[in-house]
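Since this is a predicted model, take the numbers as computed values, not measurements. These values consider heavy atoms only, across backbone and side chains, with no hydrogens, waters or symmetry-generated copies. Throughout, protein chains are lettered first and strands after them, A, B, ... in sequence-line order, and every chain is numbered starting at 1.
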Number of protein chains: 2
Amino acid sequence: MSATRDTINDKTRLSADAWAQAALDAIADQGIAGVAVEPLARRLGVTKGSFYWHFSNREALLKRALERWEEQETGVPFQSLENEPDPRRRLQRVIREVNTSLRTSRIYQALSAAADDPLIAAFVTRVSTRRIETLRQYYEAVGLSPDNASRWARLTYSVFLGTLQIRRDMPGEWPHTDSTEFSEYIAFLERALLPDDDAMNPDLAAPAHPGAALTGTLAANTATKS
Amino acid sequence: MSATRDTINDKTRLSADAWAQAALDAIADQGIAGVAVEPLARRLGVTKGSFYWHFSNREALLKRALERWEEQETGVPFQSLENEPDPRRRLQRVIREVNTSLRTSRIYQALSAAADDPLIAAFVTRVSTRRIETLRQYYEAVGLSPDNASRWARLTYSVFLGTLQIRRDMPGEWPHTDSTEFSEYIAFLERALLPDDDAMNPDLAAPAHPGAALTGTLAANTATKS
DNA sequence: TCCCATCCATACGGTAGCGTATTGACAGCG
DNA sequence: CGCTGTCAATACGCTACCGTATGGATGGGA
């Protein structure tokens, strides 16, 4: 799909990038198996002859498509939030954003599902690592120590990944997008994935510290024991 | 692998269950694509002739293997915790268990990666739905309303799924199993995924309520943290 | 205009797997 | 001993895809 070759009959020749984009589209709605030379050629209204002029083999196409994806994905879905001044609100917004939309995630899921291929795994790893790092910085910005920021970032990213999977494999478990239960759950996430104000300093900042108004260095841990 | 046909030369005939188990083994270490008649036959030291006597086609084998898996998976990894009396400790233990071991999860991941196949998707959905329901009951048992229990169960299960993915695709982001960072993160999870004592009653029970007075009902919170 | 680089079509051979048809081995039982 | 049912081997055709070889087509510059 997209703006490549929907109209079969235009006489424009194909570029390597057109093939790469077509491969990405195929990944989005058929998975990695969709990146097959002959089917792609049919879909583009040409034959293999074209493909093997632009690429040496299927692997090369896949690599190119992955590079294209990684490029497009850089900063997504965070880039629009860089100018949110309040770090706490920025985190809330990224949590909401990321667990709401599915737009960017279809390709990611297809790639992750094919992570047995070391080439694919490398790209998935890079993209995800960058995302986690971004989250980590956001958490540091609200006052967490580097260690705690890492933990929260890891937690939030696993919620994101797991939520994707739930929405795909168990749609019944996910509230309908415009229901009140949906917005309540998002609000719930915004709370569950943000550390307490009073839990900023302790070594193991935890979300639950009732009655721990004090902020010793690492004393707040046992402070809950009533 | 496993106890099926490692020794090529034993003259015992094969049963349909032997094929199903071999299929499961293949899923575990090659993914769904490993469920292929001829490769399996080679692995079992026989030929297709055997297979097509026991099964009508590949689909039938897959179905049988999935049934076998669902059966084995029923209750896992929760069954050993049913007799934990304290509901709060039971939740802590399941959180720890589930995010620690990878034993049971290889097949799950392979299946989930192939969830485009509707047959596979059906099994994955059933197993996961059951697991979420179990978690939901656990959360109800610590005093949450049904709605809140659902939310927490969903959250915890997505953390579990996402953690699996992180450990597979970004091993660098996951602390080494016997490091202190590892046990600290597990402790962190046990807190992040358990609601506050004082957050039991509010409609949207949240993990973060600094300064709220503690209710003494289930206050035996965290005796952990050596 | 002629030529050459660019891009594509056609035809071919090769591999891997599915499924079928037929034959073969073998054990238990009459 | 021979029959029969059970399980496996062999051989075959079929599909889908990868990659190669080679021969058009087409358009822009010398």
Side-chain angles (χ1 to χ4, degrees), chain A residues 4-27 29-66 110 113-114 116-120, chain B residues 4-27 29-66 110 113-114 116-120:
Chain A
T4 48
R5 256 292 182 101
D6 298 331
T7 56
I8 301 290
N9 289 340
D10 63 349
K11 283 298 179 187
T12 64
R13 326 274 273 201
L14 264 55
S15 65
D17 281 336
W19 280 96
Q21 184 57 46
L24 270 186
D25 296 345
I27 290 174
D29 60 60
Q30 305 172 34
I32 293 299
V35 185
V37 179
E38 283 154 322
L40 274 182
R42 284 194 288 273
R43 187 157 158 170
L44 287 170
V46 293
T47 65
K48 302 197 293 185
S50 169
F51 176 81
Y52 283 100
W53 195 90
H54 292 289
F55 296 91
S56 56
N57 52 27
R58 176 186 181 272
E59 183 88 358
L61 169 65
L62 190 53
K63 182 151 176 282
R64 192 98 159 211
L66 289 172
D116 48 302
D117 181 334
L119 176 65
I120 295 175
Chain B
T4 48
R5 255 290 181 103
D6 298 330
T7 56
I8 301 289
N9 289 340
D10 65 348
K11 283 297 180 188
T12 63
R13 327 274 273 199
L14 265 53
S15 64
D17 282 335
W19 280 96
Q21 184 57 47
L24 270 186
D25 296 344
I27 290 174
D29 61 58
Q30 306 172 33
I32 293 299
V35 185
V37 178
E38 282 155 321
L40 275 181
R42 284 194 287 274
R43 189 156 156 171
L44 288 170
V46 293
T47 64
K48 303 197 293 184
S50 168
F51 176 81
Y52 283 100
W53 196 92
H54 293 290
F55 295 91
S56 56
N57 51 29
R58 178 183 179 273
E59 182 89 358
L61 169 65
L62 189 54
K63 183 152 177 280
R64 192 99 159 210
L66 290 171
D116 47 302
D117 182 332
L119 175 65
I120 296 175

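No side-chain donor from either of B:Asp17 and B:Gln21 sits under 3.5 Å from a side-chain acceptor of the other.
Atom-to-atom, CZ of A:Phe51 to P of C:dA9 comes out at 14 Å; the value is rounded to the nearest Å. If you take CG of B:Asn57 and P of C:dG17, they are 17 Å apart, rounded to a whole angstrom. Atom-to-atom, OH of B:Tyr52 to C1' of D:dT10 comes out at 15 Å; the value is rounded to the nearest Å. Taking atom CH2 of residue B:Trp19 and atom P of nucleotide C:dC18, one finds them 10 Å apart after rounding to whole Å. Per the geometry, CH2 belonging to B:Trp53 stands 14 Å off P belonging to D:dA9, to the nearest Å. In this structure, B:Leu61 atom CG and C:dG17 atom P are separated by 15 Å, rounded to whole Å. Rounded to a whole Å, the CG atom of A:Asp17 is 12 Å from the P atom of C:dC7. In this structure, CG of B:Leu40 is placed 13 Å from C1' of C:dC18, rounded to the nearest angstrom.
For B:His54 and D:dT6, the shortest distance from a side-chain N or O to OP1 or OP2 is not below 4.0 Å. Within the 4.0 Å cut-off from OP1 or OP2 of D:dC17, at least one side-chain nitrogen or oxygen of A:Arg42 is found.
When each of A:Gly49 and A:Glu38 is assigned the nucleotide of DNA chain D with its nearest heavy atom, A:Glu38 is the one assigned upstream, toward the 5' end.
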Next item on the list: In sequence, state the C-alpha distance, the side-chain angles, and the governing distance for A:Leu24 and A:Leu66, and then conclude on side-chain contact (heavy atoms from CB on, under 4.5 Å).
Entry: CA-CA 8 Å; A:Leu24 270 186; A:Leu66 289 172; 6.0 Å; no
Next item on the list: Carefully, step by step, assess A:Trp19 and A:Phe55 under the rule ring pair (Phe, Tyr, Trp, His ring centres under 6.0 Å).
Entry: CA-CA 9 Å; A:Trp19 280 96; A:Phe55 296 91; 7.1 Å; no
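Nearest nucleotide to the side chain of B:Thr47, out of D:dA9, C:dG17, D:dC18: D:dA9.
Using a cutoff of 4.0 Å between basic side-chain nitrogens and carboxylate oxygens, A:Asp29 and A:Arg43 are scored as salt-bridged.
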